[in-house]
Peer 1: 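First the structure, which I've put down as structure tokens, then a few questions once you've had a look.
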Amino acid sequence: MQTLRDLSALRSAVDALKSDGKPLALVPTMGALHDGHMALVEEARRHGRHVAVSIFVNPKQFGPNEDLDAYPRREAKDAQMLQSAGVDILWAPTVEVMYPGGFATNVSVTGISDGLDGAARPGHFDGVATVVTKLFNQVRPDVAIFGEKDYQQLAVIRRFVADLDLPIEIVGLPTQRAEDGLALSSRNAYLTEEERKAALALPRALGEAKRQIEKGEPVEGALAKAIASLAAHGFDPIDYVTLCDAATLEPMAVLNRPARLLGAAKLGTTRLIDNIAVDPA
Ligand code: PAF
């Protein structure tokens, strides 16, 4: 595995890899890798693809009061995991390489970015769309793999890839979960032992609301019960628990087409998100 931090070295390495005609898959990450990321790497390797993984903690997607400085950084351990998984290129640019002096461009996706995390974290999806556009131009993958845990992020990325005619196949992989059901996330590392136990209330509340809504109970009541359950387990604030159209993320009051139930809330200092498919009978 080659670890590269310089754009011209990356370009040469990508040209050399692609010279055999096999497709190149990219797994964009912010590091602190866990089994969820490694499942994305495994998916990237399917069909004999070459694999590049990027690690870049992107300052543009963190708000002023968020955890940019505290975000876990473990590049040496991450590199070992990626090497063992047979990754060809680790692209780990510095902030100066990604955003050189004078950088002034913003990729902004309207509509699908506006609600949910877009409302709770102003500017977050502009930061994501800007850095992912850059990563795509830098690495030039044929395929890029993302987790469904960040469901709105995946929808935003699909939107700008289609809108900008980027010749990249976007693959979304189901959320990887711990044995007890908590969605794997680098931010789980912040949870105390007590909080880790309480965190389970999030997938459980979403699962229970899904069952109720699919059984035909009113959406509003099911969401209210999920919110009450999160509050009872110490989540505060609860940014949202919402049923949305699975493709457009428009809020839904009645289950009449494929939907996604999404939740985001803070436990202590850690903000957790999760989501689950809800299907009409
Ligand atoms: O999901 C993430 O880890 C990040 O948002 C991404 C896609 C790597 C962009 O920084």
Side-chain angles (χ1 to χ4, degrees), residues 4-5 10 25-41 43-44 51-63 66-75 77-79 81-82 87 89-95 97-99 103 105-109 112-113 116-118 120-139 141 143-161 164 166 168-177 183-190 262 264 270-275:
L4 304 168
R5 298 176 201 284
L10 173 73
L26 171 66
V27 180
T29 82
M30 298 206 299
L33 302 181
H34 49 66
D35 288 351
H37 295 111
M38 299 319 285
L40 303 182
V41 170
E43 173 65 25
V51 180
V53 174
S54 61
I55 295 183
F56 180 65
V57 182
N58 174 32
K60 287 198 184 292
Q61 69 187 76
F62 288 78
E66 295 186 349
D67 55 346
L68 173 62
D69 292 337
Y71 199 85
R73 289 163 173 86
R74 312 188 200 113
E75 197 192 298
K77 188 172 168 222
D78 291 347
M81 291 165 73
L82 297 174
V87 168
I89 291 177
L90 168 55
W91 171 229
T94 59
V95 174
V97 165
M98 189 60 84
Y99 301 120
F103 185 88
T105 299
N106 188 44
V107 180
S108 190
V109 184
I112 204 148
S113 293
L116 305 167
D117 266 19
R121 305 179 66 190
H124 171 68
F125 286 120
D126 283 13
V128 170
T130 302
V131 81
V132 174
T133 303
K134 288 199 59 133
L135 289 168
F136 286 172
N137 285 327
Q138 292 164 346
V139 180
V143 183
I145 324 281
F146 296 87
E148 284 185 349
K149 193 200 134 238
D150 296 294
Y151 193 84
Q152 189 178 12
Q153 166 174 284
L154 179 57
V156 168
I157 292 168
R158 286 193 196 284
R159 185 72 265 157
F160 76 73
V161 165
L164 301 179
L166 302 184
I168 301 171
E169 180 192 349
I170 303 299
V171 175
L173 216 65
T175 304
Q176 302 292 308
R177 296 183 180 276
L184 298 185
S185 163
S186 304
R187 289 192 168 97
N188 292 351
Y190 301 150
L262 301 104
T270 310
R271 186 171 185 275
L272 298 176
I273 61 172
D274 202 349
N275 67 84

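Only this structure's heavy atoms are used, side chains among them; waters, hydrogens and symmetry mates stay out. As the structure lists them, so they are numbered: ligands from 1, and atoms in each ligand from 1.
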Peer 1: Check ring-ring contact (aromatic ring centres under 6.0 Å, His included) between Y190 and all other residues, then give those that pass, not counting sequence neighbours.
Peer 2: none
Peer 1: Only pairs at least two apart or in different chains count here, so list each salt bridge (Lys or Arg N to Asp or Glu O under 4.0 Å) that has a residue in residues 120-129.
Peer 2: E66-R121
Peer 1: Any protein N or O within less than 3.5 Å of an N or O in ligand 1? List each pair with its distance, or say none.
Peer 2:
residue  : atom   : partner : partner atom : Å
ligand 1 : 1 (O)  : Q153    : NE2          : 2.9
ligand 1 : 5 (O)  : Q61     : NE2          : 2.9
ligand 1 : 5 (O)  : Q153    : OE1          : 2.7
ligand 1 : 10 (O) : Q61     : OE1          : 2.6

Peer 1: Please check: side-chain N/O of Q152 versus main-chain N/O of I112, any donor-acceptor pairing under 3.5 Å?
Peer 2: yes
Peer 1: Would you say CG of D35 has more than 12 non-hydrogen atoms from neighbouring residues, nucleotides or ligands within 6.0 angstrom?
Peer 2: no
Peer 1: Can you name the one residue among V132, V156, T130 that meets side chain to side chain contact (heavy atoms under 4.5 Å, CB included) with V107?
Peer 2: T130
Peer 1: Identify, with sequence neighbours excluded, every residue that meets side-chain hydrogen bond (donor to acceptor under 3.5 Å, both in side chains) alongside N58.
Peer 2: Q61, Y99
